[in-house]
Amino acid sequence: MPVRIGYPCINLSVPCRGNRTFWLASYSEANIISTVGRNLACLRMILEYNAAHGILFFRITSDLVPFASHSVCVFDWKEYFLPEFKAIGELIRMHEMRISMHPDQFVLISALDPDIVQRSVHELEYHASVLDLMGLDNSAKIQIHIGGVYGNRSGSVGRFIKQYGNLPPSVQRRLVIENDDRNFTVKDCIPVSDQTGIPVLFDIFHHELNGAGELIDEVLSTVALSWKKNDGIPMVDYSSQEPGGRRGNHAARLDPNHFKAFLDRSRPFDFDVIFEIKEKERAANRALEIGRNDERIFLINLQEISGSRHITSA
DNA sequence: AATGGTCAAGTCAGC
DNA sequence: GCTGACTTGACCATT
């Protein structure tokens with residue numbers, strides 16, 4: 001399975017948003033039913049757009065079910081929306097799409113405070129539930145950072161590994177760790193992977209900001225080993241610096257030259273890549289256009305567009 | 001309808 | 001100890 005192209009959470013071309021939420025003070029059963037219903041309907045519309053455009057990787061928003069891991073949420077949204085989740089899962093499987101989720105910065109299983117760890121576990125269980133309800137296999141992943149440094153990185157690593165062992169299997173099978181732009185480089189993530197079996201998600205932009213200058217193909221050859229057969233091929237996050245922006249700001253638009261260089265330097269490895277570019281699906285579309293000459297991208301989209309795969313339904 | 005303050009959670013820096 | 005940045009939108013009360 002060669003390179004699939006994707007983007008995170010929001011599609012600017014469809015007439016809806018799948019990450020609608022409300023304030024905690026406004027929580028009610030009626031509110032959660034209407035919000036989740038709308039978010040799921042929009043998620044379906046986004047995935048249909050993606051299928052029609054040959055975009056086969058997507059990161060589902062953590063806001064799909066607002067307050068799902070909060071004690072205020074006693075409503076059984078899993079049972080209530082089961083048919084919708086199953087239908088979306090079928091759509092994903094039909095098109096052989098890849099799915100990821102990325103919980104927010106608050107999720108820290110390496111935290112010193114046990115309450116933070118517990119809240120994080122609940123949040124991770126919610127993310128796993130979404131993917132489980134859709135009937136997705138182990139290749140659908142939940143990506144987090146190691147985090148919890150507090151001035152001592154090795155302490156954080158120790159707590160992370162220990163807490164990973166305590167996670168429910170539904171979370172363990174989907175969890176992957178991602179290098180960040182401040183604390184943990186890819187090189188720092190590898191030993192954690194070796195000790196836990198967690199795959200390492202390679203973030204190109206974080207690597208540019210916080211790495212030791214290792215070449216992209218070198219890094220890919222290393223992280224690829226951490227993805228076992230039923231994890232699927234490696235996931236990669238791609239972005240570049242916004243010109244004139246604060247260091248670390250994601251670009252508003254895809255930089256064609258930067259992406260071409262990345263494509264060249266990433267040979268011959270296969271992976272699925274999320275474009276963390278502010279223009280969202282438009283960046284993915286541009287990447288597909290630029291990648292027409294790359295056989296890794298071309299092959300899969302040739303199948304999709306020629307109709308040898310399933311054509312999206314209305 | 002327009003406006004502007006506020007929003008579950010995390011850390012860190014600065015005062 | 002508290003506030004704001006991080007990063008950004010959008011929810012919601014107020015007018």
Side-chain angles (χ1 to χ4, degrees), chain A residues 7-28 30-39 42 46 59 61-75 77 101-128 130 142-157 159-160 163 171 175 177-184 188 203 205-206 209-210 237 239-253 274-281 283:
Chain A
Y7 61 96
C9 304
I10 292 170
N11 180 306
L12 299 169
S13 299
V14 299
C16 62
R17 295 288 173 268
N19 61 344
R20 293 183 65 101
T21 184
F22 47 82
W23 288 3
L24 178 57
S26 306
Y27 180 89
S28 69
N31 221 351
I32 195 146
I33 288 175
S34 75
T35 303
V36 176
R38 293 172 71 173
N39 283 347
C42 189
I46 292 171
R59 182 186 298 163
T61 174
S62 295
D63 286 331
L64 192 67
V65 183
F67 304 103
S69 71
H70 194 285
S71 59
V72 75
C73 184
V74 292
F75 178 67
W77 53 272
M101 297 184 82
H102 192 344
D104 278 324
Q105 60 194 9
F106 324 106
V107 171
L108 290 172
I109 64 171
S110 59
L112 282 166
D113 179 346
D115 291 339
I116 294 174
V117 174
Q118 189 180 26
R119 279 194 291 272
S120 298
V121 172
H122 288 152
E123 183 71 0
L124 288 169
E125 286 180 311
Y126 148 64
H127 283 74
V130 167
I142 301 167
Q143 61 189 93
I144 61 173
H145 301 289
I146 296 175
V149 174
Y150 316 112
N152 177 357
R153 282 194 307 179
S154 63
S156 167
V157 165
R159 290 190 299 276
F160 186 97
Q163 288 303 333
V171 173
L175 200 67
I177 49 174
E178 173 190 352
N179 59 304
D180 64 75
D181 60 3
R182 248 183 108 81
N183 295 311
F184 294 97
D188 297 327
D203 186 304
F205 188 32
H206 292 163
L209 295 165
N210 178 34
D237 280 354
S239 189
S240 63
Q241 173 66 41
E242 168 68 3
R246 177 189 289 270
R247 177 179 156 89
N249 280 8
H250 290 180
R253 311 188 62 184
I274 287 280
F275 284 80
E276 293 184 325
I277 306 286
K278 290 184 183 165
E279 59 177 350
K280 302 289 179 181
E281 80 285 352

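A, B, ... follow the sequence lines: proteins, then strands. Residue 1 opens every chain.
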Is A:Phe106 stacked on the base of B:dG10, with ring centres under 5.5 Å apart and planes under 30° apart?
->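 A stacking contact does not exist, since A:Phe106 is not both close and nearly parallel to the base ring of B:dG10.
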
I'd like to check [X] versus [Y] (side-chain heavy atoms, cut-off strictly below 4.5 Å). Are they in contact?
X       : Y       : result
A:Tyr27 : A:Phe75 : yes
A:Arg17 : A:Leu12 : yes
A:Phe67 : A:Trp77 : no

Same-atom distance ([atom1]) from [N] to [M], integer angstrom:
N     : M      : atom1 : value
C:dT3 : B:dC7  : C1'   : 16 Å
C:dT8 : B:dA1  : P     : 30 Å
C:dG9 : B:dC12 : P     : 26 Å
B:dG5 : C:dG4  : P     : 12 Å
C:dT7 : B:dG4  : P     : 25 Å

Between [atom2] of [N] and [atom1] of [X], the distance in whole Å:
X        : N      : atom1 : atom2 : result
A:Asp104 : B:dT11 : CG    : P     : 14 Å
A:Ile116 : B:dA8  : CD1   : P     : 17 Å
A:Gln118 : B:dA8  : CD    : C1'   : 15 Å
A:Asn31  : B:dC7  : CG    : P     : 17 Å
A:His145 : C:dC6  : NE2   : P     : 17 Å
A:Leu112 : B:dC12 : CG    : C1'   : 14 Å
A:Glu242 : C:dC6  : CD    : C1'   : 17 Å
A:Leu12  : C:dG9  : CG    : C1'   : 12 Å

For A:Asp203 against A:Asn179, the heavy-atom pair lying closest together =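 Shortest heavy-atom contact: N-OD1, 2.7 Å.
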
Residue A:His70, side-chain heavy atoms: nucleotide from C:dT7, B:dA8, C:dC6 that is nearest |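 The closest nucleotide is B:dA8.
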
What does A:Phe67 touch in the nucleic acid at a heavy-atom separation under 4.0 angstrom: a base, only the sugar-phosphate, or nothing?
->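 A:Phe67: base contact, heavy atoms under 4.0 Å.
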
Quick one: stems involving DNA chain B, counted as three or more successive Watson-Crick or G-U pairs, both distances short of 3.5 Å.
->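 Paired runs of 3+ in DNA chain B: B:1-7 with C:9-15, B:10-15 with C:1-6.
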
Taking the side chain from A:Arg119 and the backbone from A:Phe106, do they hold a donor-acceptor pair closer than 3.5 Å?
->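 Between the backbone of A:Phe106 and the side chain of A:Arg119 there is no qualifying donor-acceptor contact (under 3.5 Å).
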
Do you see a donor-acceptor pair shorter than 3.5 Å between the side chains of A:Ser239 and A:Glu276?
->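 No pair is found: no donor N or O on one side chain lies under 3.5 Å from an acceptor on the other.
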
Between the side chains of A:Asn152 and A:Ser154, does any donor sit under 3.5 Å from an acceptor?
->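 Per modelled atom types, A:Asn152 and A:Ser154 side chains form a pair under 3.5 Å.
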
Verify whether the ring centers belonging to A:Phe184 and A:His145 lie closer than 6.0 Å.
->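 Not under 6.0 Å, so no.
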
Answer yes or no: does a side-chain N or O of [X] lie under 4.0 Å from OP1 or OP2 of [N]?
X        : N      : result
A:Lys278 : C:dT8  : yes
A:Tyr150 : B:dC12 : no
A:Arg182 : B:dT11 : no

Just one of A:Asn39, A:Leu64, A:Ile10, A:Thr35 clears the side-chain contact (heavy atoms from CB on, under 4.5 Å) bar with A:Asn19, so which one?
->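 So the option named by the test is A:Ile10.
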
Listed in order of residue number, which residues of residues 19-27 of chain A have a non-hydrogen atom at under 4.0 Å from DNA chain B?
->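 Heavy-atom cutoff 4.0 Å gives A:Trp23, A:Leu24.
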
Given A:Arg59, A:Glu178, A:His127, the one that forms side-chain hydrogen bond (donor to acceptor under 3.5 Å, both in side chains) with A:His102 |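 Going through the options one by one, the only one that passes is A:Glu178.
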
